[in-house]
Amino acid sequence: MSRRVLFLAVVFAAGLAVATAPAAAQSTVTVHDGSVTVGTDTAETTVTVDNTGNESVSVDVSSPSGINVDQSRDTVPAESSRDITLEISADDDASGGTITVSTPDDSGMIEVDRPPIAGLEDEPLDTGEILVGEQASGSVGIEQIGGDGSLGDVSASVVSSDPDASLSVYETGGTLEWTATVDNDAAQHEDLEWEVELVSDSNAARTVDVEGEVIYPPRFGDVELDDAEVTFDEPRGSTATITETIDLDVENDGDLEMDLESVTASTSNGGLDVSVADQPGTVDGQSTETVELTVTADTGLSEGVYDISGVARASDIDTTDASYDGTVRIEHETQLDAPDRIDIGDVPIGESSRQTASMGEALGYQNVENLEITLEDGPDSWLTIEEAPSRLDAGGSRPVVFQAAFDTDAELGTTYEWTYAVDGTGVEAETVTVTASPVPLNLDPVRNDVGAYDGPVAEGTLSMIETMDTRMRNGEIEDDSITNVISFGTASSLYLESMDAASERQSAGEYDQAQQDIVQAAAAYNTMTLYADELDDAAFRSDTETALSAAESDLDAGIEEQAQYYESRLESEDVSLIEEATTKRKLARVTLLQGDDERATALEREAQSAFENYTQAVSEGERARQRADETWETMHSEQFVTVAGQPLLLNPAEYDAYTDRVDEMNAAYENATATFERAGETSRAEAVESEYADRTATLELTRWSLLGATGMYGLLVIGIVVRTARGTYQYLRDARASVSGDFLV
């Protein structure tokens, strides 16, 4: 064996021997104080851990239940020594025990001693609800809640106070007596908090929380009416008053029950009465009770807001009265009064039937504006509203007229139904159902109208109607034929009526009045021919030919008589221009009915020319009247002197101009009168003549005033001549005397 191999073998054996040998301890735990007393505070102690190894070691601490240990470190580095501080506390109800501090190699023990710990039977201590400004007292048992041994004597003191309340405590015979006093300004429902320290004879001190709540005595909070409304929804005509119940909410803002003594309610508004209907006796703290008020309103009150006031009183000493103000709103309702159903009944095809219904406003407070009756369901044809109001007065009613008229498209034996919505501003809509049933056509109206006349026209029309009636009842006639026969009969009735009236007026010489009847008869005749052409049935055509032939003959005779009358009027010599124009125009109309279009056109031109001549004559007459008026005004302003409203002519020098103007005015008036009469303007001519007569009478007075003025001027001239002659005579006598010397004698 070589030396190297031997060396390796020795080394391996030595290593194996080391690996299997027990290892020496690398860490130790040294406890400095083997016993620690832990009350309600935290106690400290120190242990030293030496680690001689080349790796760090962990330090573990274990403790009994309720003993809490907080270690300053939990590892020790390699090749070092460390002091570890243990902070030891205990739950209030914990007992003593042993704390073990250990490393992987060693451990140490610390004994924990627990003195008796004092507590209260109920924690935290609750003083309950205490009235503001008041105090409350109580007691609670003191007991040992933890530690070892007997509790012994315990002292108590308040160590933390509430800013809004005070607390005093003392211990007697194992009982804690307490008294809490709340300040007057403490807030309602404020949470009160104190701390009380309990110290046992072993000097173990423990703090206990004390709590309470501030409450207030009963006091009024909000006293207010709910939204109050009285709705006038009963007829005003039959109801004098309307009563509603409204709620008054009374709040107790305090925490104790309130004794509600009384509640009053009143209003200063006439026609409105308020009283208390139901009132609770008490109101719980922090709650609201409802007082029921009865409001009785006269139905004559207007819509609007009315004031209500009152007082709520409580019998509690510290509770003051609470007044309240509120309003009640009066609302006026509107209500439609409309029938649910209107039955028009049986309506013959081709006729109409009316049914009147009354619709109104039922309550009598407000009008219904913008009333509309709208079809919601039913056929679009056969039923119409002939008359309907657009508004309804309060409490009033108006008629609504429905008219049913079926044509041949309607099915016999069917009852048709229409549904209408009746609505308006501020009113709840109502629904009205209208029914009507078509029945076979009633020909009596046409039959009676035509049967009132004699002659071939009436006989032929009646025969046609009877034929249609028979076939219609047997279901042997088409709808178009029914319409054509009825239309022919209606036109025939109008023709007979017009021709009868025309004949009576022509016989009485009232041709101008008969003209319209002749024209209407001609139009009816044309309508008869139109519907006769639509009838293919041989029996109908035979009847229509008989009626039309007779009608044409009578119509031609009536037209011819009208034409002869107008021709004779034009041939007379006393025809005015306006009469000539109107007569030619009427003759043109008659000539057109005779079928002479060319002559009718010529007559129309002649009538137009006559109208132009008439217009020109009226203009000439008006100009002549104006000339006469201007001449009169000139005389009035330049020659007449007005005395007491009467024009007078006092200047003889104006006589020639005066007579010339009078002649000019007379000629103008006579010309105007003659021109108006020729034109046919009789009323204008009479007005000019009346004016001419008035002014002629005035001129007579002016003539007499001129004669008087002339006489006065003559007398004045004679007086002047006589006075001049006498003066001349006196002068000559004096001259003669002076020559003869007689004046010296």
Side-chain angles (χ1 to χ4, degrees), residues 27-51 57-76 81-125 140-161 169-176 178 193-211:
S27 61
T28 60
V29 177
T30 302
V31 175
H32 299 285
D33 190 351
S35 177
V36 177
T37 300
V38 179
T40 55
D41 295 329
T42 300
E44 288 187 3
T45 188
T46 303
V47 296
T48 301
V49 176
D50 294 318
N51 181 12
V57 297
S58 62
V59 180
D60 296 324
V61 178
S62 62
S63 61
S65 175
I67 303 299
N68 306 305
V69 180
D70 184 12
Q71 61 193 78
S72 60
R73 61 185 308 138
D74 54 8
T75 60
V76 175
S81 175
R82 295 288 188 271
D83 290 335
I84 299 176
T85 301
L86 303 180
E87 292 184 353
I88 306 170
S89 62
D91 296 341
D92 289 342
D93 58 352
S95 300
T98 301
I99 297 174
T100 301
V101 180
S102 61
T103 64
D105 303 314
D106 194 11
S107 63
M109 305 296 181
I110 301 173
E111 292 295 327
V112 177
D113 295 328
R114 288 280 289 153
I117 304 300
L120 301 179
E121 292 179 352
D122 294 314
E123 293 186 8
L125 172 60
V140 61
I142 299 175
E143 61 182 9
Q144 180 176 342
I145 62 171
D148 301 320
S150 298
L151 182 60
D153 295 332
V154 176
S155 63
S157 62
V158 177
V159 295
S160 176
S161 297
V169 296
Y170 66 91
E171 184 272 340
T172 177
T175 300
L176 179 69
W178 59 267
E193 296 178 345
W194 301 273
E195 290 182 356
V196 174
E197 185 179 60
L198 301 177
V199 181
S200 64
D201 54 4
S202 60
N203 292 324
R206 179 172 175 271
T207 301
V208 178
D209 292 331
V210 180
E211 59 188 29

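Hydrogens, waters and symmetry mates play no part in the numbers below; they use all other heavy atoms, side chains included.
Asn51 is linked by a side-chain hydrogen bond (donor to acceptor under 3.5 Å, both in side chains) to nothing, counting only residues two or more places apart in sequence or in another chain. For the side-chain hydrogen bond (donor to acceptor under 3.5 Å, both in side chains) test, no residue two or more places apart in sequence or in another chain qualifies with Asp60. Take Thr48 and apply the side-chain hydrogen bond (donor to acceptor under 3.5 Å, both in side chains) test, not counting sequence neighbours, and it matches His32, Asp83. With sequence neighbours excluded, the residues forming a side-chain hydrogen bond (donor to acceptor under 3.5 Å, both in side chains) with Ser202 are Ser200, listed by chain and number. For the side chain to side chain contact (heavy atoms under 4.5 Å, CB included) test, no residue two or more places apart in sequence or in another chain qualifies with Asp201. Every residue meeting the side chain to side chain contact (heavy atoms under 4.5 Å, CB included) condition with Val31, not counting sequence neighbours, appears here in chain and number order: Val47, Ile110. Among residues two or more places apart in sequence or in another chain, the salt bridge (Lys or Arg N to Asp or Glu O under 4.0 Å) test is passed with Asp92 by Arg206. For Arg82, the side chain to side chain contact (heavy atoms under 4.5 Å, CB included) partners at least two apart in sequence or on another chain are Arg73, Val76, Pro77, Ser80. The side chain to side chain contact (heavy atoms under 4.5 Å, CB included) test applied to Asn68 returns Ser89, Asp91, not counting sequence neighbours.
Taking CD1 of Ile88 as the reference point, atom OG1 of Thr37 lies at 10.0 Å (rounded to 0.5 Å). How far CD1 of Ile117 is from OG of Ser95: 10.5 Å, rounded to the nearest 0.5 Å. With rounding to the nearest 0.5 Å, the separation of OG in Ser155 from CG in Leu198 is 8.0 Å. Here Ser160 contributes atom OG and Glu197 contributes atom CD; the two are 11.5 Å apart, rounded to the nearest 0.5 Å.
A 4.5 Å side-chain heavy-atom check between Asp113 and Asp148 finds every atom pair outside the cut-off. Within the 4.5 Å cutoff, no side-chain heavy atoms of Val196 are placed close to those of Leu125. Here the side chains of Glu195 and Asp209 are in contact, with some heavy-atom distance below 4.5 Å.
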Pair Ile84, Ser72 - check side-chain contact (heavy atoms from CB on, under 4.5 Å), show working. CA-CA 6 Å; Ile84 299 176; Ser72 60; 3.7 Å; yes
Step by step, would you call Thr98 with Glu111 a side chain to side chain donor-acceptor pair (under 3.5 Å)? CA-CA 5 Å; Thr98 301; Glu111 292 295 327; 2.6 Å; yes
Applying side-chain contact (heavy atoms from CB on, under 4.5 Å) to Leu120 and Ile142, what does each step give before you reach the verdict? CA-CA 5 Å; Leu120 301 179; Ile142 299 175; 4.0 Å; yes
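Across Val210, Val208, Val154, Val140, a single residue satisfies side-chain contact (heavy atoms from CB on, under 4.5 Å) together with Leu176, and that is Val140.
What you find for Pro116 and Ser150 is that their closest heavy atoms are CG-O, 2.9 Å. Ala94 and Ser65 get closest at one heavy-atom pair: CB-O, 4.2 Å. Across all non-hydrogen atoms, the minimal contact from Asp105 to Ser27 is OD2-OG, 2.8 Å.
Applying the salt bridge (Lys or Arg N to Asp or Glu O under 4.0 Å) definition to pairs two or more places apart or across chains, none involves residues 31-51.
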